[in-house]
Structure formats: structure tokens, C-alpha cells
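To start, the structure itself, in C-alpha cells.
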Amino acid sequence: MAVEKEYKVIGTRPIRHDGVDKVTGRALYGADYQAAGLLHGRVLRSPHAHARIKSINTSRAEAYPGVKAVVTAADLTASQDKIVDLGEGAVNLKFMCDNILAREKALYKGHAVAAVAALNGHIAEEALELIDVEYEVLPSAIEVRAAMQDDAPLVHEDMKTDEMGKQSENSSNIASHFQHKKGDIEKGFAEADVVIEHDYVTGTVHQGYIEPHNASAVYNADGEITIWCSTQGAFNARGQVAEILQHPVSKVKVVPMEIGGGFGGKISVYLEPLAALLSKKSGRPVKVLMSREDVFESTGPTPASYVRVKIGATNDGRITAAEAYIAFEAGAYPGSPVGAAAMCVFSPYKIENGFIDAYDVLVNKAKTNAYRAPGSTNVAFATETIIDEICEKIGMDPIEFRLLNSAKEGDSRVDGPVFPRIGFIETVEAAKDHPHYSAPLEGKHKGRGTATGFWPNFAFKSSVSINVNPDGTISLVEGSTDIGGSRASIAMQAAEVLGISAESVHPTVVDTNSVGYTDVTGGSHTTYTTGLAAYEAAQDVKSQMIERAAKLWEVDAKEIEFADGIFRYVNGKEEEIDFKGLAEKLGQTGGPLMGRASVAPSGAGSSIGTHIVDVEVDVDTGKVEILRYTATQDAGKAIHPSYVEGQIQGGAVQGIGWALNEEYIFNEDGQMTNASFLDYRMPTSYDLPMIDAVIVEVPHPGHPFGVRGVGETPIVAPPAAIANAIYDAVGVRLTELPMSPERVLKALGKI
Amino acid sequence: MRAFEYTSPKTVSEAADLLAEKGDLARVLAGGTDLIVQVREGKRHLERIVDIKDIPEANVLSYDPQAGLHLGSAVPCYKIYGDKAISAAFPALADSTHIIGGTAIQGRAAVGGNLCNASPAADTIPALIVLEATCIIAGTNGTREIPVEQFCTAPGITVLQNGEFLESLKVPAPKSNSSSFYLRFIPRNEMDIAVVGAGASVVLDDAKESIVSARIALAAVAPTPLFAEEASVLLAGRAASDESAIEEAAEAAKTIARPISDMRGSAEQRVHLVGVLTKRALNGAIQRVKES
């Protein structure tokens with residue numbers, strides 16, 4: 001490993017810049033938006049999972065006192081088939097529009113059908129009851145395997161399957177089908193001494209952010225639209241709104257408010273175009289809020305899935321072949337994260353012979369969306385529990401098996417890409433060396449399990465500008481929504497370059513008119529990419545400051561260097577000035593100074609985590625208690641270790657929830673029956689031990705400080721680790737998520 | 001949510017009149033932890049809410065080792081489990097009031113409200129049944145009393161007639177060598193609604209070795225909380241350490257369970273849990289007598 005560089009700011013734990021506002025309740029979230037003449041919007045949603053909309057009559061609602069505007073799909077002019085590129089993959093404009101307001105058919109329970117703006121929310125709610133919608137209820141496709149059958153009800157009558165670039169002849173709910181092949185799969189299985197294959201089923205899971213979606217909009221008479229909302233990416237939201245409304249992108253300004261969690265679920269817009277349309281019709285500012293029920297039923301959860309994995313290995317523990325069949329529920333429109341699942345299913349193992357067969361399948365449920373390492377958790381549940389079973393059969397410690405089969409720099413994934421330097425072995429060794437791994441576990445029905453999670457991480461685009469203040473501080477302007485402490489981790493990277501303290505940086509997240517283009521806070525890219533932009537912008541400031549020092553001392557800039565926060569002569573001449581001292585003299589050396597950078601790096605460093613969990617199973621009730629949990633993860637370089645630990649802990653907790661109780665429960669008509677935090681059972685603090693987060697640092701060569709994104713990886717391993725621990729405790733292997741008490745009881749043969 | 005009238009009468013008769021006037025369009029507010037949610041979510045449309053927290057009879061909380069407990073219907077949960085004498089005398093009631101919602105909810109939520117909301121899964125009702133509580137119902141024509149196990153008639157429905165409301169509950173003083181226990185099964189450890197709940201009370205002989213009498217009650221396995229009479233009766237005269245007796249009672253309790261399958265659990269899971277929880281409740285109550 002490279003020799004650890006010495007840093008002054010990086011690796012310390014300063015108080016986050018937005019901390020005081022958040023703990024005092026002063027931070028402004030979307031629902032806090034106020035304006036003179038503000039109207040309140042509510043959305044009418046389909047009660048049916050699949051229904052033809054025969055007519056919508058809004059006249060009674062429009063006549064209701066206090067109602068100022070009503071909109072339906074008829075107000076959206078852009079509903080046409082057109083492929084638009086919003087920077088992160090192409091989307092069909094018609095699908096985007098139809099998801100905002102249903103046109104010919106309502107495709108899931110909760111699908112928006114109309115929206116009302118009124119003097120207050122109560123009037124708006126009452127007006128929704130006055131909108132007459134005539135539905136013809138249709139049979140629905142609500143489960144992935146059933147939806148793939150030839151005789152399944154079609155979500156879109158004219159949907160053809162994209163078969164690796166070719167269109168199928170017949171209509172189908174399978175929106176796309178693709179394969180990855182490597183080596184000779186048959187030869188690989190023939191070489192195996194042990195082959196294990198199982199089917200796995202996982203339920204629909206929501207991100208569960210605490211803050212419901214919200215959007216406020218002002219549509220001015222001159223066509224200028226301003227939107228205040230809770231979004232992971234203001235520029236991305238701007239692009240979607242502009243396309244959906246067929247409005248010039250430069251005439252849409254998105255102001256990102258503070259965000260109460262997103263985890264991938266606050267990238268797609270839902271309410272923003274509705275608020276804008278209602279404002280256009282009423283001529284007044286409009287604020288639209290979702291209820292928790294709306295959030296569950298009408299935003300994008302992560303897909304339910306059916307996965308079949310088969311792995312072969314030799315008696316001495318070498319994987320010889322690995323095969324996966326992956327079918328994901330896309331929801332009502334194409335675009336599940338099945339592609340990402342195919343990247344992750346056998347990573348980060350060295351697989352010589354592999355085959356992956358993957359399907360994106362339409363069902364009558366809300367269009368799915370990203371959720372923290374989208375797709376990886378579903379497939380890791382399969383691969384990592386099969387590895388545990390192989391180890392049991394051949395009598396090998398799963399930790400040793402992972403060390404033996406780890407992919408290394410230069411090895412290729414089954415889907416093609418070649419691994420750069422990754423920290424798999426290091427996280428496995430950290431787990432092995434942790435006291436948890438060797439601690440005695442005594443008592444009946446207790447067990448220990450391990451699993452590894454992988455996420456490739458992404459590199460998008462970011463911009464940062466820096467203004468130098470006369471008191472020696474800097475104002476850092478960025479476009480990345482701060483979800484998990486990124487103001488701090490980005491500010492710290494600029495501070496390190498300029499030799500100033502973290503507190504001397506004033507970071508602000510601004511609207512789309514006030515900073516260069518910046519992609520969403522997602523893909524675990526923010527600390528990496530926006531951090532890189534901050535680093536480059538600070539370098540720009542540094543070189544300009546050197547020029548100012550040269551001007552001050554009336555010498556050539558080449559004669560001056562900057563190190564440890566001090567400008568001094570290269571040749572050792574004694575005169576020197578620190579950053580603050582020079583900042584005070586900007587007025588006399590040429591005036592204001594600002595640095596800037598826009599970056600679009602390639603090759604984010606993958607992040608890998610290895611988890612250990614101890615459980616106790618109540619064999620009479622089927623309830624699984626988490627006794628102890630340790631998560632190791634490669635962070636490349638932890639800029640602010642507290643927030644890296646926070647990400648590891650938060651991800652592990654969401655993975656535990658997914659493992660044990662979280663799922664959408666649907667009735668036979670495709671209606672969700674548990675759309676509340678009471679019955680959609682996320683873990684509470686009573687259900688969790690302290691998660692011991694262990695940061696491993698294998699620097700990413702593509703970042704000046706070695707940063708790897710850390711936000712997504714930690715959700716991946718928990719379900720598999722817990723399944724392995726349950727097996728260790730009571731001798732049954734569960735293959736369905738969540739591993740709820742009822743499923744555990746069934747596996748134990750108690751019911 | 002539609003506009004409604006809020007009233008806060010000071011006397012029992014005033015409250016009864018306010019309720020009688022509006023019939024089904026009026027509803028009593030105690031802690032409001034169920035009612036406010038129902039109104040806000042549009043599940044109940046009301047024209048009048050009658051807040052009983054200003055009525056002295058609804059706020060009574062007195063315990064006497066001879067007379068027993070007199071519990072006003074608006075008394076919040078925390079006052080019950082926060083009272084050492086009451087908790088010691090009626091442990092099942094302390095158990096159940098301690099697990100309704102979180103701490104903040106327990107500061108407002110009332111046992112009377114839990115009873116009148118008449119959820120099949122209500123945690124306090126099995127506790128009240130095993131403790132042989134009596135409901136004191138006030139109305140425009142005075143008060144009447146009925147045993148708590150007869151109070152609920154269907155999910156959300158009670159014996160309360162137009163103009164009537166639950167004024168208070170009376171719980172007899174505990175017999176010597178007796179104790180009680182309530183527990184529920186939830187997939188998480190807090191903030192959940194019972195998949196199944198079970199309460200038990202037992203009276204042992206002076207040697208604390210054999211069971212003189214027992215009462216078992218169940219929640220979330222039928223349209224109303226149930227008194228498992230047959231299972232209770234068969235325990236009389238059996239040894240407290242006789243696991244087969246406990247097992248027989250658990251099996252008998254299972255026979256009266258007629259649960260539905262819903263998002264909180266399947267019917268077969270619930271029937272199985274009745275057996276598990278009945279045993280745990282009985283053993284818990286017996287253990288408490290032995291430790292006392």
C-alpha cells in the first residue's frame with residue numbers, strides 16, 4: 001500500500017457546516033416554502049392497479065369555491081414517443097409525461113390522474129373528490145414471473161422486447177433482455193466438484209426517506225419558471241421539467257431546498273411539473289406536497305426480483321463457473337436497475353466462466369427507481385448465500401474462500417470491464433482481523449454470518465466556484481445537494497489545498513442559475529466528483545494567489561511557491577505571507593479573486609464492504625434479533641471519517657430492514673396494503689445494535705486524495721450476511737426477502 | 001379533512017347531551033391518538049368532537065388495596081405504568097400501557113380510548129379482561145356497568161349507544177398469590193401493532209404450587225379481543241410447574257382463535273402464535289407470583 005500522505009484537514013472530524021441550522025430546525029426544506037398568495041396543490045390518484053381512463057370530468061371541482069386550477073394529462077402537450085438524453089441514459093419522453101399524469105390508462109395504484117390547486121390543502125382535498133373519472137378496470141400484471149408469461153395482461157399493449165438491440169415481433173411485458181458471457185460456462189461447471197443452485201425472490205422495497213416529496217413553483221407571465229423542491233439533482237430536475245413541459249431549459253430555474261433523504265428516490269420528478277402547470281393556470285405560486293401514502297404508492301421503490309444463481313467450485317475452493325438469471329420488475333415503465341445488477345452479481349470475484357441472462361419486466365406497479373446500490377443487494381443475496389453453502393460443503397471458511405477467489409487489478413468482470421485497483425482483499429482481511437470474527441458465540445439458536453457487497457461507483461459531472469473573502473476565508477459554491485454531509489467533505493478538500501481550516505470554508509448549495517452544471521447526488525459520486533471539482537477550483541485559486549503574491553513582491557510568479565498555507569520564495573528568501581494575509585491584500589493586487597472548475601472524470605473507484613453479523617432466532621415466533629454487527633468498507637481515503645462511518649452504518653441499517661421486514665404487501669388486485677411507516681416495517685433503534693463501522697483505506701488512483709464513494713456499498717451485504725447467520729443459528733437457508741418471522745417459521749416447519 | 005365543531009364539556013351529563021345530539025357524527029376525544037389520525041386521513045367524517053379531558057370522572061385515578069383500581073377513561077398510559085402501586089398490583093396493565101406507541105404517544109393515549117377504539121389488536125383489552133375489569137358507561141339516562149369482555153362487539157364497534165360514553169373502568173383488587181402478564185408478538189421491538197397479543201392472570205395457592213384459577217385473553221385473532229374461558233378453566237387445580245397443563249391451555253386457546261390473514265400476519269401464523277404467547281403469558285404470570 002502507498003505510504004500514507006500527511007494531511008491537515010482531510011481525515012479530521014470538524015462540525016458540519018450545515019449542522020447548526022439542522023439541529024435548531026432553521027434549515028429550510030421544501031415544505032417550508034412560503035409566498036404571498038400561495039396556493040396548495042393535491043393530486044388525484046388512481047385507485048386501480050390497471051385501468052383504462054374512459055373520461056375525466058373536472059367541472060365540479062373547478063366550480064368548487066376556493067379552487068383556482070385543475071390539471072389533467074390534457075394539459076401536458078408533449079406526450080409523444082421521443083428519446084431524450086438527460087445526461088444519465090436515455091428516456092422515452094412519452095413515458096416520462098405519462099408517469100406525471102396518466103393519459104390513456106392508469107398503470108398502477110397511485111398513478112396521478114389530475115391535480116388541483118386551491119386556497120388551502122383541505123379545499124384541494126375536497127375538490128379531488130369532485131373530479132369524476134370513469135375507469136374500465138383491467139386485469140393487472142403484478143409479479144415479475146407471471147408478467148413474463150405470454151398470456152399475461154400487457155402493461156403497454158404495444159411494448160416490444162429489446163433483444164440486445166433487436167425488436168421482438170410480439171408485444172410483451174419484457175421491455176428488454178440482455179446477456180453477458182465470458183469463457184466456457186459448460187466446461188467451467190464440468191470442472192466443478194460442487195455445484196449449488198437456488199432460486200431467490202425479493203420483495204419491493206422503498207428508500208423510506210423521512211421527508212415526503214414536495215414541489216413549489218412560480219410560472220411567471222414571461223414564461224420564467226422557478227421551482228423549489230427536494231431533489232438529489234437540481235440540474236437533472238430542471239432537464240426533466242423542461243422536457244415534460246416542452247419549455248426552454250434556460251427558462252426553468254430549480255432551487256434545491258434542504259433534503260430529508262433521497263437514497264436514489266429523489267431523482268425523478270413527480271410533483272414539479274404539476275406545480276408548474278397549476279401555477280401557470282392559476283397565475284399564483286403553488287406548493288404541492290405528498291402524503292406518506294403517496295410516497296409509498298406513487299414514487300419509485302426498488303424492484304421486486306426473481307433471481308436464479310448457480311455457482312460451481314472445486315473442493316479446494318476455486319470458483320470454476322457462475323451463472324445467473326435475473327428478472328427485475330421495472331414497474332409501469334421500462335428501466336429497472338437490472339443492468340447494474342448484472343454488473344454486480346459476481347463482482348468482485350474472479351470468474352473465468354460466466355453467463356448472465358437478464359430481463360427488465362413491466363408490471364402494474366409504480367415505476368421503480370434507484371435505491372442505494374440499485375440492483376446489487378437483490379443479487380448479492382443470491383451469490384453470497386450460495387458461496388456460504390459451497391464453503392459448508394467443501395469445509396472452508398467463507399473468509400478464506402473470498403480471499404482465494406478475489407478479483408484483482410487487471411481481472412475482468414463477466415460483463416466486461418477490467419477491475420482497477422480494488423480493496424476487496426483488504427476489507428475481507430479487516431473483517432477477519434476484527435475481534436468480532438473470532439469472538440465466542442454461545443447459547444442456543446445463535447449464529448454468525450458474513451457477506452461481501454460490491455458497488456462499481458460512478459463518476460458524473462460537477463462544477464464548483466470559489467470566492468476568496470478578505471478575511472482569509474473562502475465561499476465555496478456548489479450544485480450538489482447535501483444528503484449525507486457532503487458540504488463538509490467537499491469543503492475539506494478545498495481547505496486542504498489552500499492550507500486553511502475546514503471552518504474557513506463557507507459552502508453553499510445553489511440553484512441552477514448560480515453554478516455550473518452538476519449532476520445528481522447519487523452513484524456514490526459526490527465526494528469523489530464534486531470533491532475533485534473543489535480540488536481543481538482550489539488549485540485555480542492557489543495559482544492565482546501565487547500571481548498576486550508575485551505582484552505584491554514585484555517578482556515573477558515562478559519564484560513563489562505555496563505550501564502548508566504559506567506563500568514563500570522558491571529560492572529560500574525569507575519573506576513570506578500566509579493565505580489570510582494575502583487575502584487581505586487582494587484589493588491592492590488586482591481586486592476580487594475567484595477560482596472555478598468543472599470536471600467530468602472517468603473511472604470512479606469501486607467500493608467493497610465485508611460484513612459480519614450475529615443473530616439469535618426465536619424458534620417459536622420466527623423473529624430474528626441482530627445481536628452484533630460489524631461492517632468493513634474500503635473508502636479509498638475517508639475525508640471526514642464520521643460521515644463515512646455514518647454512511648456505512650446507515651447503509652447497513654437499510655440492508656437489515658430489507659433483510660428482515662421491509663416489503664410492499666400487495667393484495668390480489670395489485671393494491672399495496674401497508675403504505676404507512678406503521679406497517680411498512682423499517683427497523684427502529686430498538687431493533688439494532690450499534691453498527692461497528694471499520695474504514696479501510698485503499699486509495700483510488702483516480703482522485704488526488706484517493707477518494708472512493710462510500711454511500712451505496714454498505715446496503716448490499718446485510719441480507720446475505722443475515723441469511724448466512726440464520727443458517728448458522730438454526731440450520732435453514734432462506735431464499736426469500738424479507739426473512740420475516742412468518743417465513744422463518746415456515747422454513748423451520750412450525751407452520 | 002372537513003371542518004368540525006370542537007367541544008369540551010365540564011360534566012358527564014353535558015357530554016352525554018352533546019353526543020346524543022349528533023349521534024354517529026359526534027365522537028369522544030380522550031388522548032386522540034387514534035381519533036385524530038382517523039379524521040385527518042378522511043376515514044371518519046365528524047361534525048362534533050367531544051373532548052372529555054375536562055370531566056372529573058374521566059380523569060379519576062385511584063387505587064386502594066381493598067377497593068381496587070378506579071381508572072377514568074381519559075387517563076393517559078404513562079400515569080398507569082408510572083404509578084408503582086398500580087403497576088405492582090396490575091402488572092398486565094402496566095405491560096400493555098408501556099408498549100402502546102412510543103413515549104410521546106403514551107403521554108396522551110388513554111386506556112379508555114384504546115378500549116373504545118375497539119381494535120381487535122388493542123393491547124390493553126386482554127389485560128383488562130384477565131384483570132376482570134368492569135366498564136362504567138355514562139349516558140343521558142345515568143350510568144350502567146358491563147364486564148369489559150362484553151364491551152367490544154366488532155372491529156371499531158362497541159356496546160355504546162347514542163349519547164353514551166365510557167366514563168371509567170373499575171378493576172377489582174388483586175387476590176393474594178396472584179399476578180398477571182401481557183405480551184404481544186410484533187416483528188420489530190417497538191412501534192408496531194400486535195400480530196397476536198395474549199394476557200394471563202393466575203391465582204396460586206398459599207404454597208404457590210398449584211393454580212387456583214386463571215384467566216387468559218387474546219388480541220388480534222378475532223373481530224374482538226377474546227376471553228379464552230375454556231382454556232382458563234382447565235388450569236384450575238393443576239400444578240403451576242405442570243408444563244403439560246400450560247400446553248393444554250395453549251392448545252385450547254388456539255381453538256377459539258379465528259384470525260384473518262392481512263399485512264400484519266397470516267391466519268396460520270397467528271394461530272401458531274396464540275399457542276406460543278399463551279404459554280409465555282401464563283408462565284410469566286406464574287413467575288411473577290413466585291417472585292412476589
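Proteins get letters first, then strands, A, B, ... in listed order; numbering begins at 1 in each.
- Using a 4.5 Å heavy-atom cutoff, the side chains of A:Pro741 and B:Gln269 are in contact.
- The number of heavy atoms from other shown groups lying within 6.0 Å of NZ (B:Lys79) does not exceed 12.
- Contacts between residues 744-751 of chain A and chain B, counted as heavy-atom pairs separated by less than 4.5 Å, involve A:Leu745, A:Lys746, A:Lys750, A:Ile751.
- Heavy-atom neighbours of B:Glu5 CD from other residues, nucleotides or ligands within 6.0 Å: above the threshold of 12.
- Ranked by heavy-atom pairs under 4.5 Å with chain A, the list B:Arg2, B:Met263, B:Arg188 is led by B:Arg188.
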Can you give the donor-acceptor pairs under 3.5 Å from side chains of residues 656-663 of chain A to other protein atoms, not counting sequence neighbours?
unit_1: A:Glu662; atom_1: OE1; unit_2: A:Tyr680; atom_2: OH; d: 2.7

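- For A:Ala112, the side chain to side chain contact (heavy atoms under 4.5 Å, CB included) partners at least two apart in sequence or on another chain are A:Val43, A:Arg45, A:Leu101.
- Within a 6.0 Å sphere centred on CZ of B:Arg108, other residues, nucleotides and ligands contribute 12 heavy atoms or fewer.
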Item to complete: Test A:Ile665 against B:Arg264 for side-chain contact (heavy atoms from CB on, under 4.5 Å), laying out the working first.
Response: CA-CA 10 Å; A:Ile665 299 168; B:Arg264 297 193 182 124; over 6 Å; no

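- Both the backbone and the side chain of A:Thr673 come within less than 4.5 Å of a heavy atom in chain B.
- Of the listed residues A:Glu742, A:Arg681, A:Glu293, A:Glu126, the one with more heavy-atom pairs under 4.5 angstrom with chain B than any other is A:Arg681.
- For B:Tyr6, the OH atom is densely surrounded, since the number of other residues' heavy atoms within 6.0 Å is greater than 12.
- Looking at A:Thr621 and B:Arg280, their side chains come closer than 4.5 Å, going by heavy atoms from C-beta outward.
- Interface residues of residues 189-200 of chain B toward chain A, defined by a heavy-atom distance below 4.5 Å and sorted by number: B:Asn189, B:Glu190, B:Met191, B:Asp192, B:Ile193, B:Val195.
- Under the 3.5 Å distance criterion, the side-chain polar atoms of B:His272 are matched with a main-chain donor or acceptor of A:Asp620.
- One finds the CD atom of A:Glu125 at 10.5 Å from the CZ atom of B:Arg40 (value rounded to the nearest 0.5 Å).
- Within the 4.5 angstrom heavy-atom criterion, only backbone atoms of A:Phe677 (N, CA, C, O) approach chain B.
- In terms of heavy-atom pairs under 4.5 Å with chain B, the best-connected choice from A:Thr684, A:Asn667, A:Asp679 is A:Asp679.
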